[in-house]
Amino acid sequence: MRDYPLEKYRNIGIIAHIDAGKTTTTERILFYTGITHKIGSVDKGTTITDWMAQERERGITITSAAITCFWSVADLKGEKEFKINIIDTPGHIDFTAEVQRSLRVLDGGVVVFDGVAGVEPQSETVWRQADKFNVPRICFINKMDRMGADFEKSLKSIWEKLSPNAVAIQLPIGTEEKFEGIIDLLKMKAVRFEGDSGEIIKQEDIPSDLLEKAKDWRKKMVEKIAAEDEELLEKYLAKEEISIDGLRKALRKATLDYKLIPVLCGSSLKNKGVQSLLDAVVYYLPHPLDLPPVKGTDPKSGKLIERKSDDSEPFSALVFKIASDPYVGTLSYFRVYSGMLKKGSYVFNTTSGEKERIGRILRMHADKREDIDEIFAGDIASTVGLKNTSTGHTLCDKNKPVVLEKITFPEPVISIRIEPKNKIDEEKMNVALKRLSEEDPTFRVKGDEETGETIISGMGELHLEIIVDRMKREFKIEGNIGKPQVAYKETIKASAEAEGKYIRQSGGRGQYGHVWIKLEPKDRGKGFEFIDKIKGGTIPREFIPAVEKGIKEAMERGVIAGYPLIDFSATLYDGSFHEVDSSEFAFKIAASIALQQAAKRAKPVLLEPIMNLEVVVPSEFFGDVIGDLSARRGKIKETKDRLNLKIIEANVPLAEMFGYATTLRSLTEGRGTFTMEFDYYNNVPQNITQEIIEGKRK
């Protein structure tokens, strides 16, 4: 039996730039909703959602944690409490996959901003990811108690960098150390949070010195909300009073349609404003029925299928996260889009084509688990022991199969070589790396054919550092680690054609494969395309897939320095075959030869990852930091002032950024900070290409 109707569900994510206060906000939410009886602290390492040892040591979120809580809104008398599934996501760019996969299955988002810094680089990244999945959101300008906090400046940065549709529905009472509470612009009341943990909420009249300002801001707010609703607009133009309920309904609809984004403020650390944020989650963020039915395809016919958020529909769910648990084994987190699931039943994985048994259904509270017997549409849970299921796979009813849209992840940009300290650990290390790569789609493992070494790749130095640390702690394996390497790529700048022949005559049956292919460059990021233009049976149809396979295998080896070849099309337009000697193997080799020949004639170039860098330094170190970035082949995009700090935005090749944290510390007496994320691939200068080819930079 369903315990909460779908209208009472909220599946939300807390997303933000690193250190904006996501985890602190989540901890306050858990306290006020009664899930915890003591507030966890990031600094003391006592938070519920940052449960990994690596998270508690570093004070950052690494893995997204799912947790369920319940909230009753004071203004909605007689309403049953609401069930809120929360995912606290990482802010560090190295763990962007965690944000991406969480946003894919969430219905709404709470975007947290630092009241001093406003919009930061990672805020923009997560905002773009939320745009990609059409996630309605509300904004929470946090840290209003910090020195330099400025609500209006932060709101302006949201308007300028993210969306002009943001609308303030609260104002702070005082700022910095004088921050006392908030003004609710809908009710036109001052709200203060008293008691040891801000649990006593007091509503009173707005202080006289802030009344005019509040009236002015309310007028702007009403104007923006009324503009999105014809009925309200008529009332507004006729200067009629609009009820609070009317404003809320119109604002909810506009938020769901992504026409408006409510902006709230507070200080999670000082226990101010979090209960109002929870009310806003209930008022303005969607429940599963607010959203259109989930779309998928029929695995057999490829036709589009829609599944409504309804218990009576056939079961369908998307697995969005795999995690290793030391006590229960592999946990698969999934979001149910339609139907219901009982423990002990079987489901069909349309991605792998395998049947899986659901032995247990678990409701997650970060690293704690609660067994439940069944789960319904709109909910998030996890299960244990699925053998052939990984991130992005669809689970469904075998009689009504559907494939839901997959989650795509960015490619790794950095690699290191790793080997076990002794032979005994070799097998254990392979098992550990396999488990970790199943968990994390942006972590890749491959063997180097030439040296026999194992190469692991990820999104950044911190990402790989965490992986190695987890191997040591969770799997008890020590490894020898090589120096970080850049994930270079190769591409072509011109069109070229080439012939590939593989003819071998031995005593018995020979080998015969013969192809002509044409290569053409594509725009950056467009990937590889194979085009079959064989007419009149010059190459039999059964050998065409072998040609494509041969080209794809040769692409991995490149032609300049052994890096993968990307962003081009290969057209197979001619060739010949032998009635007896032709084979798939022969055509695969012929295609590989043709690709190598054509690529060498097509002006191949080496590409390197260029990073988006933001450095925040005290003004007196500005010149030294700029000079250092120029020496690293950096291009300065913009410099800004924030209080007595300088903010430098630049594009810098990843190859020049190893060890930058140490350099920045020494240049700024430990006071500089930076964030870096992958931006695009660009051509490597000729002199450096030569060094890479000669192996100086390998």
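Here the structure is a predicted model, which is why all the values come from computation and not from measurement.
- Here the straight-line distance linking atom OH of Tyr337 with atom CZ of Arg307 works out to 13.5 Å at 0.5 Å rounding.
- Counted by atom type alone, Asp379 and Tyr9 present one or more donor-acceptor pairs between their side chains at under 3.5 Å.
- The aromatic rings of Phe315 and Phe334 sit perpendicular to each other, their planes meeting at more than 60°, with 30° as the lower class boundary.
- Arg10 places none of its side-chain heavy atoms less than 4.5 Å from the side chain of Asp107.
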Chi angles and distances behind the side chain to side chain contact (heavy atoms under 4.5 Å, CB included) call for Thr255, Leu251: CA-CA 6 Å; Thr255 305; Leu251 180 54; 3.9 Å; yes
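- Asn612 pairs by the side-chain contact (heavy atoms from CB on, under 4.5 Å) definition with Lys637, Asn651, Glu677, Asp679, not counting sequence neighbours.
- More than 12 heavy atoms of other residues, nucleotides or ligands lie within 6.0 Å of NZ in Lys522, so this atom counts as buried by the packing criterion.
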Full working for salt bridge (charged side-chain N to carboxylate O under 4.0 Å, His left out) between Lys295 and Glu405: CA-CA 7 Å; Lys295 289 183 172 66; Glu405 188 192 340; over 6 Å; no
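- Of the possible polar contacts, one joining the Thr351 side chain to the Thr394 backbone as a donor-acceptor pair under 3.5 Å is found.
- Here the shortest heavy-atom pairing between Ser267 and Phe140 reads N-CZ, 4.4 Å.
- In this structure, the side chain of Arg252 engages the main chain of Tyr283 through a donor-acceptor pair within 3.5 Å.
- For the pair Glu176 (side chain) and Gly148 (backbone), a donor-acceptor distance under 3.5 Å is present.
- Using a distance-only test at 3.5 Å, with no hydrogens or angles considered, a donor-acceptor pair links the side chain of Thr350 to the main chain of Val402.
- Inspection of the Thr24 and Ser268 side chains reveals no N or O donor paired with an N or O acceptor under 3.5 Å.
- Judged purely by distance below 3.5 Å, without hydrogens or angles, the side chains of Ser316 and Ser338 pair a donor atom with an acceptor atom.
- Panel note: side chain Glu228, backbone Lys253; no donor-acceptor pair is recorded below 3.5 Å.
- Here the straight-line distance linking atom CG of Leu395 with atom CG of Leu318 works out to 8.5 Å at 0.5 Å rounding.
- Judged by the 6.0 Å distance and 45° axis criteria, Lys220 is positioned over the aromatic ring of Trp217.
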For a salt bridge (charged side-chain N to carboxylate O under 4.0 Å, His left out) check, start with the C-alpha distance between Asp229 and Lys249, then their side-chain angles and the critical distance, and finish with the verdict. CA-CA 10 Å; Asp229 185 288; Lys249 277 182 183 156; over 6 Å; no
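- A 4.5 Å side-chain heavy-atom check between Asp567 and Tyr681 finds every atom pair outside the cut-off.
- In this structure, the side-chain hydrogen bond (donor to acceptor under 3.5 Å, both in side chains) partners of Ser312, at least two apart in sequence or on a different chain, are Asp310.
- Taking 4.5 Å as the limit, some side-chain heavy atom of Ile14 sits within range of a side-chain heavy atom of Ile29.
- Between the side chain of Arg218 and the backbone N or O of Leu185, at least one donor-acceptor pair lies under 3.5 Å.
- In summary, Glu649 and Lys640 engage in a salt bridge, as defined by a charged side-chain N under 4.0 Å from a carboxylate O.
- The closest donor-acceptor contact from the side chain of Ser157 to the backbone of Val119 lies under 3.5 Å.
- Checking side-chain atoms of Glu313 against main-chain N and O of Lys308 turns up a donor-acceptor pair under 3.5 Å.
- Within a 6.0 Å radius of NZ in Lys635, other residues, nucleotides and ligands contribute 12 heavy atoms or fewer.
- Between the side chain of Lys224 and the backbone N or O of Ala166, at least one donor-acceptor pair lies under 3.5 Å.
- Taking the ring axis of Phe82 as reference, the NZ or CZ atom of Lys8 stays within 45° of it and closer than 6.0 Å to the ring centre.
- Figure legend: cation-pi geometry between Arg335 and Tyr333 absent, as NZ or CZ is not positioned both under 6.0 Å from the six-membered ring centre and within 45° of its axis.
- With a 4.5 Å cut-off on side-chain heavy atoms, Ile206 and Met188 count as touching.
- Under the ring pair (Phe, Tyr, Trp, His ring centres under 6.0 Å) rule, Tyr4 has a single partner from Phe376, Trp71, Phe70, which is Phe70.
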Can you check salt bridge (charged side-chain N to carboxylate O under 4.0 Å, His left out) on Arg137 and Asp131, steps first, answer last? CA-CA 10 Å; Arg137 64 212 83 148; Asp131 280 344; 3.0 Å; yes
